[in-house]
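The sequence lines fix the lettering, A, B, ..., with proteins before strands; numbering per chain opens at 1.
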Number of protein chains: 2
Amino acid sequence: MQADAVLRDLAGYRLKRAFAVIQADLQRVLAPFGLRMIPFSALLVIARNPGIGQGQLAAALAMERSNLVAPLDALARRDLIRREPVPDDRRALALMPTPAGTALADTAFEAVRAHEARLLADVSPEDLAAMARVSAAIEAAETREAAE
Amino acid sequence: MQADAVLRDLAGYRLKRAFAVIQADLQRVLAPFGLRMIPFSALLVIARNPGIGQGQLAAALAMERSNLVAPLDALARRDLIRREPVPDDRRALALMPTPAGTALADTAFEAVRAHEARLLADVSPEDLAAMARVSAAIEAAETREAAE
DNA sequence: TATTGTTATACTCTATAACTATA
DNA sequence: TATAGTTATAGAGTATAACAATA
């Protein structure tokens, strides 16, 4: 009997442990690309949504605009993205992937997918789908509470 | 279509979002008890495993011994736990819950469970069981990789 | 030599407030 | 007044190295 048996009754604790493992794994996969989880997510979303604004990107990634500035600076320094002026609104900046950025986003995404597939090889598709439903339900619950 | 649609193909990203929501929730539930996630976990494991050592506790919580010192100091300051000398090994300290610590652990645990039940009210028991299996599989995969 | 608890340190992620320039 | 991006800052969590006391 493990000492932390009682904690395993809590979904929050199980999620924490699982996330810690998968994130550590993700970091190992992304390291060769010079990316961490947040820059990778940002680059991928920009590559798939060219012209997205920083505020929209922050909302998509569920993080604060202010915490996105440094990661985007780093991506821009590596010429993976560009911040282009928006004619209609001179406050806003449109985030555009460079060709190198698009290519890296695609390559890294496939590497992550392949690695996840290996990590989850023993998990049935049904269980994975169930986990996706649970995650969605948890996020929906947050929205519900925020509305209260 | 959401801007982060592509990220939702990644189990790691879904887990990150779900964990963030459930952790924020957990913090709200634990705040009235003056506890955060780590002190709560530590107190609960000590209450259920009186006499456990700090190294064992760190292993049970999957964290470094050094990062446990401050939280345990805080619990001891509130007289929720005591660090007692171990006769056989004068290096070691046995972590013992006080009556107040045991009571708080039980109360807080029930509060967390009740709140999780509410949060997961719309999720079927089958899906929850599936999620537990997926979490276990992910942790097992870590053990497998560590052995390589 | 190895282990227990500890200290110090550094890095990442996160949250908040306040600033600027626009709207 | 409000919004987009930015800066500064503080807190929590995590990881590593090194130390004293003990095994």
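The salt bridge (Lys or Arg N to Asp or Glu O under 4.0 Å) search around A/Glu116 returns none, not counting sequence neighbours. Residues passing the side chain to side chain contact (heavy atoms under 4.5 Å, CB included) test with B/Ala100, sequence neighbours excluded: B/Leu80, B/Thr98. For B/Ala58, the side chain to side chain contact (heavy atoms under 4.5 Å, CB included) criterion is met by B/Arg65, B/Leu68, not counting sequence neighbours. Annotation: side chain to side chain contact (heavy atoms under 4.5 Å, CB included) contacts of A/Glu64 (sequence neighbours excluded): A/Ser66, A/Asn67. Remark: B/Arg91 engages B/Asp89 in a side-chain hydrogen bond (donor to acceptor under 3.5 Å, both in side chains) (not counting sequence neighbours).
We find the OH-CD1 distance between B/Tyr13 and A/Ile22 to be 14.0 Å, quoted to the nearest 0.5 Å. Atoms CG and CD, from B/Leu30 and B/Gln23 in turn, are 10.0 Å apart once rounded to the nearest 0.5 Å. Separating the CG atom in A/Asn49 from the CE atom in A/Met96 is a distance of 11.0 Å, to the nearest 0.5 Å. Note that the CD1 atom of A/Ile81 and the CD atom of A/Glu84 stand 10.5 Å from one another [nearest 0.5 Å].
Residue B/Gln54 is classed as a sugar-phosphate contact, given heavy-atom separations below 4.0 Å to backbone atoms only.
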Could you pull out every donor-acceptor pair under 3.5 Å between side chains of residues 32-48 of chain A and any protein atom, sequence neighbours left out?
residue, atom, partner, partner atom, Å
A/Ser41, OG, A/Met37, O, 2.7
A/Arg48, NH2, A/Asp106, OD1, 3.4

Side-chain donor-acceptor contacts of residues 125-133 of chain B below 3.5 Å, not counting sequence neighbours, with atom names and distances?
residue, atom, partner, partner atom, Å
B/Asp127, OD1, A/Arg133, NH2, 2.9
B/Asp127, OD2, A/Arg133, NE, 2.7
B/Asp127, OD2, A/Arg133, NH2, 3.4
B/Arg133, NE, A/Asp127, OD2, 2.7
B/Arg133, NH2, A/Asp127, OD1, 2.9
B/Arg133, NH2, A/Asp127, OD2, 3.4

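The separation between A/Arg17 atom CZ and D/dG13 atom P is 15 Å, rounded to whole Å. Distance, A/Phe19 CZ to D/dG13 P: 14 Å, rounded to whole Å. Atom pair A/Ile38:CD1 and D/dG13:P shows a separation of 17 Å (rounding to whole Å applied). Atom CD of A/Glu64 and atom C1' of D/dA4 are 14 Å apart (whole Å). Rounded to whole Å, the distance from CG on B/Leu68 to C1' on D/dT16 is 16 Å.
Between B/Leu72 and B/Leu57, some side-chain heavy-atom pair lies under the 4.5 Å cut-off.
Listed by first then second residue, pairs satisfying salt bridge (Lys or Arg N to Asp or Glu O under 4.0 Å) with a partner in residues 17-30 of chain A read A/Asp4-A/Arg17, A/Arg17-B/Glu139, A/Asp25-A/Arg28, A/Arg28-B/Glu145, not counting sequence neighbours.
Remark: A/Arg83, A/Arg91, A/Ala92, A/Leu93 in residues 79-93 of chain A come within less than 4.0 Å of DNA chain D through at least one heavy atom.
For the helix from C/dT1-D/dA23 to C/dA23-D/dT1, the axis fitted to the five pairs at one end and the axis fitted to the five pairs at the other end meet at an angle of 10° (nearest 10 degrees).
Running 5' to 3' along DNA chain C, contacts with non-hydrogen atoms of chain A at under 4.0 Å begin and end at C/dT12 to C/dA23.
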Which atom pairs link the protein and nucleotides 7-12 of chain D when you take only N or O atoms and keep those under 3.5 Å?
residue, atom, partner, partner atom, Å
D/dA12, O3', B/Arg36, NH2, 3.3

